[in-house]
Amino acid sequence: MGAVRDVVIVGGGIGGLSLAVALRRVGVGARIVEKGSRANRLGTGISLLGNTLRALDALGLADICVAAGHGYDSVKTRDATGRLIDEMRPPRTFRADRPGAFGIMRPVLADILENAATSAGASIEFEATVTAFEQRSDGIDVTLSTGERVSADLVVGADGAYSATRSAVFGDAFAPAYCGQSGIRLTAARPASMDGVTFYRAPEGDVVGAIPLSRERCYYFVLETGERQNYLEPARIAEIWRNRMKPFSAPELVETAEMVSADSPISYRPFDVLMMPLPWHRGRVVLLGDALHSMSPQLTSGGGMAIEDAVVLAEILANATDVEAALTAFGERREPRVRGIFETSLGICELEQSPSFEGHKKSMELMGRGFQLLAEPM
């Protein structure tokens, strides 16, 4: 047996569920502690590139995820009327006979990952939190909000950008910071012509994006530059959406302005970013996913990096004889790759905050560079 036989995972999102699947595939016990409920899983859609398909294949889930979502091979730029301006293609990083990227509804992806995890023997404690850690030389004891006390070899904090695990173990020295942009997303019917990511750009610099999620659904998004708002009322979000569609005459965008209301599946989120320095662990607690590297969305790689983290961490733990050495190896292997993606995505974000034709060209060049980085081994 290796040095790690049982792991408690704090957080049942994309990263935590992926880690549970990965650990069970190498014979390590996995228990997820998730503060939310299964019934109230939220989220619009997510776009994941070929590198994520490669990671999902290591979990045995690439094909089922593509089938449940919508694969695509293009990133198109259109003008305000919908006329095509240019097109680039994300590389088919996974396999030549699989798409370069795919979109999927977040709850659908979560259900796929949960079913795979529990079928493999992982357990999930919903509506529970970790209230205390007690580290020992040969393990770690975890107290849950249910009153239960659990012993494990390792705790993984996969509890998101505002990670309570990170705060408890690393203190308040590291926290996400607002990057100057927020996003509004609207889930809607997918036009048959939308076969990939699409950016609509108006002459004044306004931009609307769209990503297919299935045969029937897609989501549209706009990026807002300005002061951070913690919360916007749904009616106010809908009003902003209608105003942002005014420079556009593309029929699909006009339709969103006509149908949007406070009751629409529309959401607002400020983009808070963080890149943790090494080491990524303290004793027998290590972080994963957004708890380590919360990214701006320009390369649609936050979820993908979390899944990659999970695959690599499980691979390293499978034959680990020393916990400290294994966790150090995990950080040293992942940090350079993740930092490159983080900085490229943030660079695009910064260009978008002062939109111009020249800035658009530079952002597309950076996106192409990001695709090249993502194609490299995880």
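It should be emphasised that the depicted structure is a prediction, and the values quoted were computed from it without experimental measurement. Numbers for residues simply follow the sequence, beginning at 1.
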Does [atom1] in [X] sit with more than 12 non-hydrogen atoms of other residues, nucleotides or ligands closer than 6.0 Å?
{"X": "D86", "atom1": "CG", "value": "yes"}
{"X": "D172", "atom1": "CG", "value": "no"}
{"X": "E148", "atom1": "CD", "value": "yes"}

Salt bridge between [X] and [Y], side-chain N to carboxylate O under 4.0 Å?
{"X": "K362", "Y": "E365", "result": "no"}
{"X": "R92", "Y": "D73", "result": "yes"}
{"X": "R284", "Y": "E324", "result": "no"}
{"X": "R31", "Y": "E125", "result": "yes"}
{"X": "R136", "Y": "D141", "result": "yes"}
{"X": "D57", "Y": "R95", "result": "no"}
{"X": "E87", "Y": "R78", "result": "no"}
{"X": "D195", "Y": "K76", "result": "yes"}

Tell me if a side-chain donor or acceptor on [X] pairs with a main-chain N or O of [Y] at a distance below 3.5 Å.
{"X": "S119", "Y": "A116", "value": "no"}
{"X": "T300", "Y": "L48", "value": "no"}
{"X": "R334", "Y": "V338", "value": "no"}
{"X": "D206", "Y": "A202", "value": "no"}
{"X": "R25", "Y": "A314", "value": "no"}
{"X": "S167", "Y": "T165", "value": "no"}
{"X": "S18", "Y": "I14", "value": "yes"}
{"X": "S294", "Y": "L274", "value": "no"}
{"X": "R337", "Y": "E376", "value": "yes"}
{"X": "S214", "Y": "E216", "value": "yes"}

Is there a chain of hydrophobic side chains (I, L, V, M, F, W, Y, each step under 4.5 Å between heavy atoms) that links Y178 to I348?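 Unlinked, Y178 and I348 end up in two clusters.
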
Would you sort out whether D309 and H293 count as a side-chain hydrogen bond (donor to acceptor under 3.5 Å, both in side chains), showing the intermediate values? CA-CA 11 Å; D309 284 349; H293 39 72; 2.7 Å; yes

Measure the shortest side-chain to side-chain distance between [X] and [Y] over non-hydrogen atoms and say whether it is less than 4.5 angstrom.
{"X": "T131", "Y": "L144", "value": "no"}
{"X": "V26", "Y": "E315", "value": "no"}
{"X": "H70", "Y": "I104", "value": "no"}
{"X": "M88", "Y": "M367", "value": "yes"}
{"X": "P176", "Y": "R166", "value": "yes"}
{"X": "P297", "Y": "F271", "value": "yes"}
{"X": "F371", "Y": "V75", "value": "yes"}
{"X": "M275", "Y": "E343", "value": "no"}

Q298 and E350 side chains, donor-acceptor separation under 3.5 Å: no

Within the 3.5 Å criterion, strictly below it, is a donor on D272 or Y162 matched to an acceptor on the partner's side chain?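 Indeed, the side chains of D272 and Y162 share at least one donor-acceptor pair under 3.5 Å.
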
Worked verdict on I140 versus E134 for side-chain contact (heavy atoms from CB on, under 4.5 Å): CA-CA 6 Å; I140 184 167; E134 185 177 334; 6.0 Å; no

Step by step, would you call S345 with S296 a side-chain hydrogen bond (donor to acceptor under 3.5 Å, both in side chains)? CA-CA 6 Å; S345 188; S296 65; 3.0 Å; yes

Pick out which of R244, R236, R185, R269 makes a salt bridge (charged side-chain N to carboxylate O under 4.0 Å, His left out) with E224.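 Going through the options one by one, the only one that passes is R244.
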
How long is the span from the [atom1] atom in [X] to the [atom2] atom in [Y], to the nearest 0.5 Å?
{"X": "T118", "Y": "I124", "atom1": "OG1", "atom2": "CD1", "answer": "6.0 Å"}
{"X": "F102", "Y": "S47", "atom1": "CZ", "atom2": "OG", "answer": "8.5 Å"}
{"X": "L327", "Y": "L287", "atom1": "CG", "atom2": "CG", "answer": "10.5 Å"}
{"X": "L17", "Y": "I32", "atom1": "CG", "atom2": "CD1", "answer": "4.5 Å"}
{"X": "L56", "Y": "I64", "atom1": "CG", "atom2": "CD1", "answer": "10.5 Å"}
{"X": "E34", "Y": "D159", "atom1": "CD", "atom2": "CG", "answer": "9.0 Å"}

List the steps and the verdict of side-chain contact (heavy atoms from CB on, under 4.5 Å) for R333 and V312. CA-CA 9 Å; R333 175 170 162 184; V312 172; 3.7 Å; yes

State which residues pass ring pair (Phe, Tyr, Trp, His ring centres under 6.0 Å) with F330; sequence neighbours excluded, sorted by chain then number. W280

Co-members of the apolar cluster containing [X] [side chain, <4.5 Å]:
{"X": "I184", "result": "L186, M194, Y200, V208, Y220, V222, L232, I237, I240, W241, M245, F248, L253, M259, V260, I266, Y268"}
{"X": "V254", "result": "none"}
{"X": "Y231", "result": "none"}

Kindly give the heavy-atom pair with the smallest separation between [X] and [Y], and that separation in Å.
{"X": "A306", "Y": "G15", "answer": "CB-CA, 3.9 Å"}
{"X": "S363", "Y": "L351", "answer": "N-CD1, 3.7 Å"}
{"X": "I46", "Y": "L213", "answer": "N-CD2, 3.9 Å"}
{"X": "P191", "Y": "E252", "answer": "CG-CB, 4.0 Å"}
{"X": "T81", "Y": "P251", "answer": "O-CD, 4.3 Å"}
{"X": "C179", "Y": "C349", "answer": "SG-SG, 3.7 Å"}

Quick one: list whatever passes side-chain hydrogen bond (donor to acceptor under 3.5 Å, both in side chains) with N230, sequence neighbours left out. R228

Non-neighbouring partners of R83 that pass side-chain hydrogen bond (donor to acceptor under 3.5 Å, both in side chains), sequence neighbours left out: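 Partners of R83 under the side-chain hydrogen bond (donor to acceptor under 3.5 Å, both in side chains) test: D79.
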
Between T93 and N51, does the side-chain hydrogen bond (donor to acceptor under 3.5 Å, both in side chains) criterion hold? Intermediate values first, please. CA-CA 6 Å; T93 304; N51 67 295; 6.0 Å; no

Any chance you could lay out the salt bridge (charged side-chain N to carboxylate O under 4.0 Å, His left out) test for R98 and D63, step after step, and finish with the verdict? CA-CA 9 Å; R98 294 293 182 271; D63 287 335; 2.8 Å; yes

